[in-house]
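Computed from a predicted structure; not experimentally measured. Below, chain A is the first sequence line, B the second, and so on; all start at residue 1.
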Amino acid sequence: MDAVEVHRHSFQRNRDWYIDQFVQHLVFLAGISAIVLIIGIFFFITKEGMAFLFGDVSMSEVFGSMFWEPSDEDAPDYGILALIAGTASVSGLAMIVAIPFSLGAAIFIAEFSSGTTREWLKVLIELLAAIPSVVWGFIGLSILNPLIIDLFDVPVGLNVLNAGLILGLMAAPIMTSIAEDALKAVPDRYREAAEAMGATRWQITFRVVLPAAKNGLLGAVLLGVGRGFGETMAVLMATGHSVNIPGSVFDSVRALTATIAAELGETARGSEHYGALFAIGIFLFVITFVINLSADLIVRGVKES
Amino acid sequence: MVVADSNVRTLSDPESTWHQRFHSSPMKIEVNDLTIRYGDTTILSGVNLNIRKNEIFGIIGPANSGKTSLLKALNRMDEFTPGMKVTGDIRVNGLDIRHVKNVYGLRRSIGVVFPLPVGLPLTVFENVALAPRLGGMNNRAELNIIVERCLRRAALWDEVKDRLNSLGSLLSGGQQQRLTIARALSQEPDLLMLDEFSIAVDPVTTMRIEDILKELRKEMTIILVTNLVQQARRLADRTAFFLNGECVEIGVTECLFTGQVQDQRTQDYLSGRFG
């Protein structure tokens with residue numbers, strides 16, 4: 001190759017350049033589509049709910065009243081207080097169930113198990129996380145429901161306890177997975193240093209690994225909470241779906257998400273009821289957004305330090 | 001500052017005669033026919049050596065010569081290292097460490113400093129207080145005394161006394177390495193093992209740590225694994241040369257460096273012909 005030829009080659013775009021540009025733009029589109037979609041969804045929900053938010057019904061009534069009777073023809077009520085109480089009580093109970101289970105499982109997998117046990121457990125937990133929520137709802141309806149009635153001698157087994165247990169079991173595998181990642185992210189040299197100092201396995205875990213992973217673990221818990229707020233199908237099936245501010249775990253409740261799922265198909269598009277459901281959607285969107293964002297920021301905080 | 005000696009004793013387990021004997025004096029170590037394998041690979045074969053009390057024992061040699069594995073065998077860290085198999089005889093103050101029931105007590109009496117500084121993600125204070133806490137001490141006043149004393153001996157107190165509650169992992173590399181030494185000292189060790197401690201440390205800090213080691217040898221036995229031949233010359237009373245899993249030669253450091261060597265390979269390594 002003489003000098004002139006080298007010159008010509010290096011100043012001409014070749015096939016590789018075009019392919020590179022094409023791929024770059026393609027992945028850019030794929031990447032930006034997520035952002036476009038989420039903004040699109042936000043605008044859609046907001047547009048549909050806006051009419052209700054700034055309509056005849058005052059917000060103090062929506063957030064202050066515990067009566068949700070949108071189908072009442074004379075004086076419909078759009079109070080979501082009871083629905084919020086339903087979602088919050090179920091999610092709260094679910095976290096009480098899921099946090100010890102998932103953190104315990106994550107600690108066992110990451111710190112105490114090894115070899116085949118660990119691999120099997122990880123596969124099983126991934127499998128658990130993949131069970132569709134309607135199946136969990138079905139378990140709540142057909143197994144937990146009679147069990148609760150028998151065990152506690154209550155008239156209805158579809159209640160906060162049922163849904164909380166189901167939701168807790170649903171959220172636990174995902175929380176376990178993320179918590180285990182957080183524990184795995186703690187460098188082995190920390191464990192080795194503590195071990196060389198004569199620390200037992202449990203002392204290493206409790207005094208070194210858990211403090212080092214605390215942000216990641218908190219992130220895992222928050223993602224579980226987010227999951228609890230957003231879950232629809234299992235909650236719809238297991239709560240009993242009656243509007244109620246629960247006095248005990250044996251009261252039936254209704255969740256925000258389940259209300260949208262159950263009623264949206266029956267409303268006239270553009271009606272007040274329709275708008276009210278979208279307003280609930282905005283509320284849920286904001287809550288899950290805040291929870292997920294803080295979870296993300298917390299987890300990110302781990303990586304930076 | 002006066003520190004009651006009883007503080008030290010509370011770190012040990014009074015039930016264990018093993019522990020008492022370990023704590024009775026700086027360690028004397030006899031290694032007989034030590035062989036270490038990882039799976040099918042032999043890392044160290046048939047090593048014999050004696051380490052005297054209050055001695056700084058240098059171990060030099062190129063990478064992969066089995067130096068770190070020897071240290072791991074000494075405090076029985078091999079049990080948590082998958083695939084690592086140790087055969088042979090290691091005696092500490094005449095007692096075979098294979099028969100130590102309280103392996104945690106054994107490890108507490110041996111301080112280890114790793115090549116890369118490991119500031120645990122705890123506060124500076126908790127980093128140093130960790131070993132006493134592992135031993136069951138929770139008295140804040142006593143912990144304060146121990147932490148200050150250890151940080152002073154590691155020449156770090158003046159730099160961190162105003163930030164004892166900030167994260168230890170945020171200190172600079174040289175500070176973290178001295179924090180590691182302070183942490184090792186908080187165990188009141190009878191043996192201090194340093195594994196290439198100066199690898200990630202600036203020369204000034206290295207010299208400060210070397211001065212600390214010279215002081216510490218009055219109270220404990222020190223094993224110094226180093227990749228710096230001149231560091232061994234500055235510090236070690238006797239030096240062993242390891243090569244490819246073999247202990248080629250052990251000699252009084254000054255003799256080795258003045259050419260009184262048994263083996264040509266030692267001469268070649270010391271004069272920088274390889275390694």
Side-chain angles (χ1 to χ4, degrees), chain A residues 103 106-122 178-220 297-305, chain B residues 11-13 19 22 68 71-72 74-82 100 102-123 126-136 166-170 176 179-180 183-189 191-193 195:
Chain A
L103 293 191
I107 289 172
F108 178 73
I109 293 173
E111 305 298 322
F112 288 87
S113 69
S114 61
T116 11
T117 321
R118 171 182 291 178
E119 293 313 311
W120 271 104
L121 272 174
K122 285 174 81 165
I178 296 166
E180 194 227 333
D181 286 346
L183 295 175
K184 279 284 116 190
V186 176
D188 270 342
R189 60 199 161 94
Y190 293 161
R191 295 187 181 84
E192 237 175 47
E195 194 191 327
M197 293 166 74
T200 62
R201 277 287 177 92
W202 171 240
Q203 286 173 327
I204 296 172
T205 306
F206 187 70
R207 293 201 180 268
V208 178
V209 178
L210 289 186
K214 65 174 186 294
N215 285 6
L217 298 177
L218 196 58
L297 289 177
I298 288 169
V299 173
R300 214 172 283 249
V302 187
K303 284 178 186 150
E304 273 165 23
S305 71
Chain B
L11 298 183
S12 58
D13 172 14
H19 209 174
F22 280 129
T68 302
L71 298 190
K72 275 194 172 181
L74 285 180
N75 70 349
R76 281 181 51 181
M77 288 277 278
D78 52 292
E79 282 163 22
F80 279 136
T81 312
V100 170
N102 180 4
V103 66
Y104 305 111
L106 172 71
R107 291 189 188 137
R108 270 169 217 164
S109 60
I110 301 177
V112 185
V113 176
F114 293 96
L116 296 177
V118 187
L120 293 173
L122 310 168
T123 64
E126 288 302 330
N127 259 283
V128 186
L130 182 59
R133 279 192 198 280
L134 291 177
S166 66
L167 271 183
S169 42
L170 297 180
Q176 278 194 47
L179 181 65
T180 315
R183 208 169 57 210
L185 293 179
S186 74
Q187 297 168 238
E188 289 294 332
L191 170 67
L192 184 63
M193 309 198 293
D195 190 359

From [X] atom [atom1] to [Y] atom [atom2], the distance as rounded to the nearest 0.5 Å:
X: B/Arg183; Y: B/Leu179; atom1: CZ; atom2: CG; value: 6.0 Å
X: A/Met197; Y: B/Arg108; atom1: CE; atom2: CZ; value: 9.5 Å
X: A/Arg189; Y: B/Leu120; atom1: CZ; atom2: CG; value: 9.0 Å

Considering only heavy atoms, which portion of [X] lies under 4.5 Å from any heavy atom of chain A: side chain, backbone, both, or neither?
X: B/Leu116; value: neither
X: B/Pro115; value: neither
X: B/Leu122; value: side chain

**Asked** Does CZ belonging to A/Phe206 count more than 12 external heavy atoms closer than 6.0 Å?
**Response** no
**Item:** Heavy-atom pairs under 4.5 Å with chain B, option from A/Glu192, A/Gln203, A/Glu195, A/Arg191 with the top count
**Value:** A/Glu195
**Message:** Testing the basics here: between B/Ala184 and B/Pro189, what is the closest heavy-atom pair and its distance to 0.1 Å?
**Reply:** O-CD, 3.3 Å
**Prompt:** For chain A, which of B/Asn75, B/Leu134, B/Thr180 has the most heavy-atom pairs under 4.5 Å?
**Reply:** B/Leu134
